[in-house]
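Some notes on the structure that comes next.
One-based numbering, in listed order, for ligands and for the atoms of each.
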Amino acid sequence: MKRADVLVLFGATGDLAKKKLFPALYEMEEAGELEIPVFAVASSKWTQDEFKATVEKSIRDRNEALGQIVDERVLKNLLDEMQLVVGDYKEPSTFEKLQDALSGFDLPVVYLAIAPGMFADVTKGLNAVGLTESARVVVEKPFGRDLESAIALDDSLKKLLPEDQIYRIDHYLGKESVEDLLVFRFANTLFEPVWNRNYISNIQITMTEDFGIEGRGKFYDEVGATRDVLQNHLLQVLTMLTMEPPIDMGAAALQNEKIKVLSAVRDVTPENVVRGQYVGYLEEAGVAEHSQTETFVAMRLFIDNWRWAGVPIYLRTGKKMAETTMEAVVEFKQPPRQLFTAKGEPAPEPNIVRFRMGRHDGVDLSLQAKAPGSALVTNTVDLTVEFAAALGQRKEAYERLLDAAIVGDHFRFTRIDAVLQSWQILDSILKSPTKLHPYFDDAWGPDEALEMVPGGWTTVGKLADKTP
Ligand code: BG6
């Protein structure tokens, strides 16, 4: 694939640009990977100086938070490569201005870091000035708000762009820790033979945040936890954990396996869902008076295929929770006979593989070992690796995603059939949402969700001390 020769960023004054995209551009500049100019487009009437000051602040803030020193030369080079184009996204003149600015470039990457409701309008504007002929268009999640709207959005984009020019973002696919699920499963012979219903009793995927909606009330209230995180990030993690090995590591082979496993996921029914809302959510700015939007959701899913039949897969995500964590726990069945436990005594902890995908990503393997002393009894021991310590620092998701779009690799993006299938799984519960349970912060969501997993979620109490 040909490398893009210019990057266009719609939504340049937005939250995502400030928090993720500008710092990612800085990292790319530092690594010598950007090498192309950046045109930022925004509807706010900012001057070039105001814009550059915002970019600079976002980079300095991020580096300070990470305790990293800003390389002034890199920052200056990046700012020199950036330019702001101001204009209303519905006005043809905005796109004419952009077309002028882009004359002389052949292959733009156009990143739409804007409200999903604007995707179609902006694509039409780009099309009107001929910019969709070669452009790779990157669209942020969520792609639609249910099956019907995702189909409609796809139809409107497809009229203007072929599938191979569309790059649908799910930034979890840019995380090295999520990609590691594939490496762990398919580069090690140790686990794959037991990775099925004969040995695994259940899987638990948890993505929780100890903060609330952080000023995003208006956006969040129309979306909620199911659409914001579960439909995309959590279903992607589930797919990586449960799909069959692809025939190679090309984008097409990977996407084919993803759609296969997603097609086998049973549509979710109300008795397999718990929705919650944190106490205090209704007072947040931008939230509707009697909002029924969930800030927490837990689900029990089943994959009706040969490998996973009968294995419950639990997913949960929430804001204002006890801890910020992103992890998947794969719990194994007990050995067929308990040789080290006296009659009537509880069985030892089952074996567990725990993938930590948050800031301190790594893997824990929880095993049984002989307890010291003369008795033949066991204790639980954990083999733990923290990837950054063992292997060095990983790259941030957005840096890898921008780079993939620039080189034209679809591996880290979602394909439309998989996106539609993930909406299909949730369709009926999105149409008729279940009861909303209140929960207090500093907890793990409503009690109803805690009771979903027989014996409790493995993270709570048992391994929680290692949560990053
Ligand atoms: C975003 C959601 O997609 O992912 C946010 O819109 C959420 O609500 C964020 O906070 C979490 O991303 P990460 O990479 O910090 O786990």
Is the Phe10 to Tyr111 ring centre distance short of 6.0 Å? no
Whether the Glu271 and Thr269 side chains hold a donor-acceptor pair (N or O, under 3.5 Å, no angle test) is what I'd like checked. yes
Go through the steps for Leu238 and Leu315 under the test side chain to side chain contact (heavy atoms under 4.5 Å, CB included), then give the verdict. CA-CA 9 Å; Leu238 170 121; Leu315 270 52; 4.0 Å; yes
Mind checking what makes side-chain hydrogen bond (donor to acceptor under 3.5 Å, both in side chains) contact with Lys18, not counting sequence neighbours?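 Residues passing side-chain hydrogen bond (donor to acceptor under 3.5 Å, both in side chains) with Lys18: none at all.
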Can you name the side chain to side chain contact (heavy atoms under 4.5 Å, CB included) partners of Pro162, sequence neighbours left out? Asp164, Gln165
Does Ala24 have any side chain to side chain contact (heavy atoms under 4.5 Å, CB included) partners at least two apart in sequence or in another chain, and if so, which?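 Expected list: Tyr398, Glu399, Leu402.
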Which parts of the protein, at residue level, reach under 4.0 Å of ligand 1 through a heavy atom? Lys141, His171, Tyr172, Lys175, Met207, Glu209, Arg216, Asp228, His233, Lys319
